[in-house]
Amino acid sequence: MPRPVLIDTDAGVDDALALMLAFRSPELSVKAVTTVAGNVGVRHCTRNVLAILNLLQVPERPEVAEGSYKPMRRRLFSAPEVHGKDGLGDVRASLTKVAGRDLFHHDAVDTIIRASQKYGKKLTIIAIGPLTNLALALAENPRAMREAGRIVSMGGAFRVPGNTGPVAEFNYFVDPEAAHTLLNSGLPITIIPLDVTEQLAVLRRELEYRAHARPSLVAKTVLRFTRRYMLYHLKTEGFNGGYLHDPLAVAVAIDPSFVETRRAHVDVECSGTFTRGMTVADFRRRPGRKENSVKVALKVDRERFFRLFHGRLWR
Ligand code: RIB
Ligand code: CA
């Protein structure tokens, strides 16, 4: 029986790959996709989600709901230099128009609350952007949010440098207050940090090889919208490719055994001058240590992940 999931996304390039993996995985049933400002403005995120749904010709279209256009208490900090101004490598406008209904509404928070109430412990919320929508849903209806099964959140950096300044990961940097609220809520959260996602660099030549081996509109489109994301990594990290941050969160929703986790008390710096968004984990085993219900992924089964990713993406 497929597991019901809700995906909350700041639909950038790796988010788009994560959506494709989710919709091509029979283990999951995507009931709703909610958008949140992050990589780019929220309307771009919504349009990117609709473009991916149309590209995939998803038979059972999920509810699409647009959410927060800015973090809870801060101005939006976005990443057009990574994902393009439109969030999809600046190619969305030129993608082959695939017939589809561009239906969405504007109440992501209500969608998250209703999904938690409807699917309860069966529901996995896959959060692959800043946690603004989830924090607002928790504030509005904490009882409903406690009905959800688990939250898999791509975010944080524990034993590796940040990717947004020296110590912070982007999603938790953009809205540290939202991350702090969720991590201290008692909700069952698994964090998928840079510690594991930066072990999953896919190289451009591999994408090109696989896309040419199984040519299709989807394959051609993947090559197009990942180009800019990969050139950014070439410039900043020295390799022509890209980290598959968000697809790993989807893989963990499919099967938690893709990663090894450790339980810890984790919090997020909200007032540091140099440390905004930094995740601080107390892994010490001390009697009486504060503990929230957070698991942190610190190891990933790379080979198994790439078998899943490529096996599903290029079907
Ligand atoms: O730090 C990487 C995360 O920030 C990914 O989710 C990426 O899409 C951006 O949202
Ligand atoms: Ca994202």
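Only this structure's heavy atoms are used, side chains among them; waters, hydrogens and symmetry mates stay out.
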Practice problem: Taking all non-hydrogen atoms of both residues into account, name the closest pair between L17 and P247 and its distance. | Solution: CB-CG, 4.0 Å

Quiz item: Is it the case that one hydrophobic cluster holds both I151 and V174, taking links as side-chain heavy atoms less than 4.5 Å apart, direct or via other members?
Solution: no

Quiz item: Side chains of L207 and H310: does their closest heavy-atom pair fall under 4.5 Å?
Solution: yes

Practice problem: Decide side chain to side chain contact (heavy atoms under 4.5 Å, CB included) for L28 and V250; before the verdict, give the C-alpha distance in whole Å, the side-chain angles of both, and the deciding distance to 0.1 Å. | Solution: CA-CA 9 Å; L28 304 180; V250 170; 4.0 Å; yes

Quiz item: Hey, are the side chains of E140 and M145 touching, using non-hydrogen atoms and a 4.5 Å cut-off?
Solution: no

Quiz prompt | Under 3.5 Å donor-acceptor, N133 side chain and S68 backbone | solution = yes

Quiz item: Picking from D10, N171, N48, T9, what satisfies side chain to side chain donor-acceptor pair (under 3.5 Å) with N39?
Solution: D10

Quiz item: What closest approach, in Å, do E169 and L194 show between heavy atoms, and which atom pair accounts for it?
Solution: CG-CG, 3.7 Å

Exercise. Determine yes or no for a side-chain-to-main-chain donor-acceptor pair under 3.5 angstrom, with S185 supplying the side chain and L187 the backbone.
Key: yes

Exercise. Find out whether the Lys NZ or Arg CZ of R304 is both under 6.0 angstrom from the six-membered ring centre of F258 and within 45° of the ring's axis.
Key: yes

Practice problem: Measure from NZ or CZ of R276 to the centre of the six-membered ring of F173 and say whether it is under 6.0 Å with the direction within 45° of the ring axis. | Solution: yes

Quiz item: CZ of R214: more than 12 outside heavy atoms within 6.0 angstrom?
Solution: no

Quiz prompt | N163 (side chain) donor-acceptor with F170 (main chain) under 3.5 angstrom | solution = yes

Exercise. For D14 and Y229, run side chain to side chain contact (heavy atoms under 4.5 Å, CB included): C-alpha distance rounded to whole Å, both residues' side-chain angles, the deciding distance at 0.1 Å, then the answer.
Key: CA-CA 9 Å; D14 62 318; Y229 183 71; 3.7 Å; yes

Quiz prompt | V218 to M20 - nearest heavy-atom pair and separation | solution = CG1-CE, 3.2 Å

Self-check item: Minimum side-chain heavy-atom gap V202-F306 below 4.5 Å
Solution: yes

Quiz item: Checking side chain to side chain contact (heavy atoms under 4.5 Å, CB included) for the pair R61/L50: CA distance, chi angles, key distance, verdict?
Solution: CA-CA 10 Å; R61 280 179 79 96; L50 295 170; 3.8 Å; yes

Quiz item: Only one of L248, V296, I191, D301 clears side chain to side chain contact (heavy atoms under 4.5 Å, CB included) with V259; which?
Solution: L248

Exercise. Check the pair E269, H180 against side chain to side chain contact (heavy atoms under 4.5 Å, CB included), reporting the backbone distance first and the verdict last.
Key: CA-CA 8 Å; E269 181 57 67; H180 167 77; over 6 Å; no

Self-check item: Closest heavy-atom pair and its distance - G67, A108
Solution: CA-CB, 3.4 Å

Exercise. Go through the side-chain N and O atoms of S116 and R146 and say whether any donor and acceptor fall under 3.5 Å apart.
Key: no

Exercise. Keeping to residues at least two apart or across chains, list the salt bridge (charged side-chain N to carboxylate O under 4.0 Å, His left out) pairs with something in residues 176-203.
Key: R74-E177

Quiz item: Within a reach of under 6.0 Å around NZ of K122, are more than 12 heavy atoms found that belong to other residues, nucleotides or ligands?
Solution: no

Quiz item: Do L56 and R24 have side-chain heavy atoms sitting under 4.5 Å apart?
Solution: yes

Quiz item: Any idea which heavy atoms bring V40 and K85 closest together, and the distance?
Solution: CG1-O, 3.5 Å

Self-check item: Shortest non-hydrogen separation from Y172 to G156 and the atoms involved
Solution: CD2-N, 3.6 Å

Exercise. Check whether any side-chain heavy atom of R204 lies under 4.5 Å from a side-chain heavy atom of L223, and answer yes or no.
Key: yes

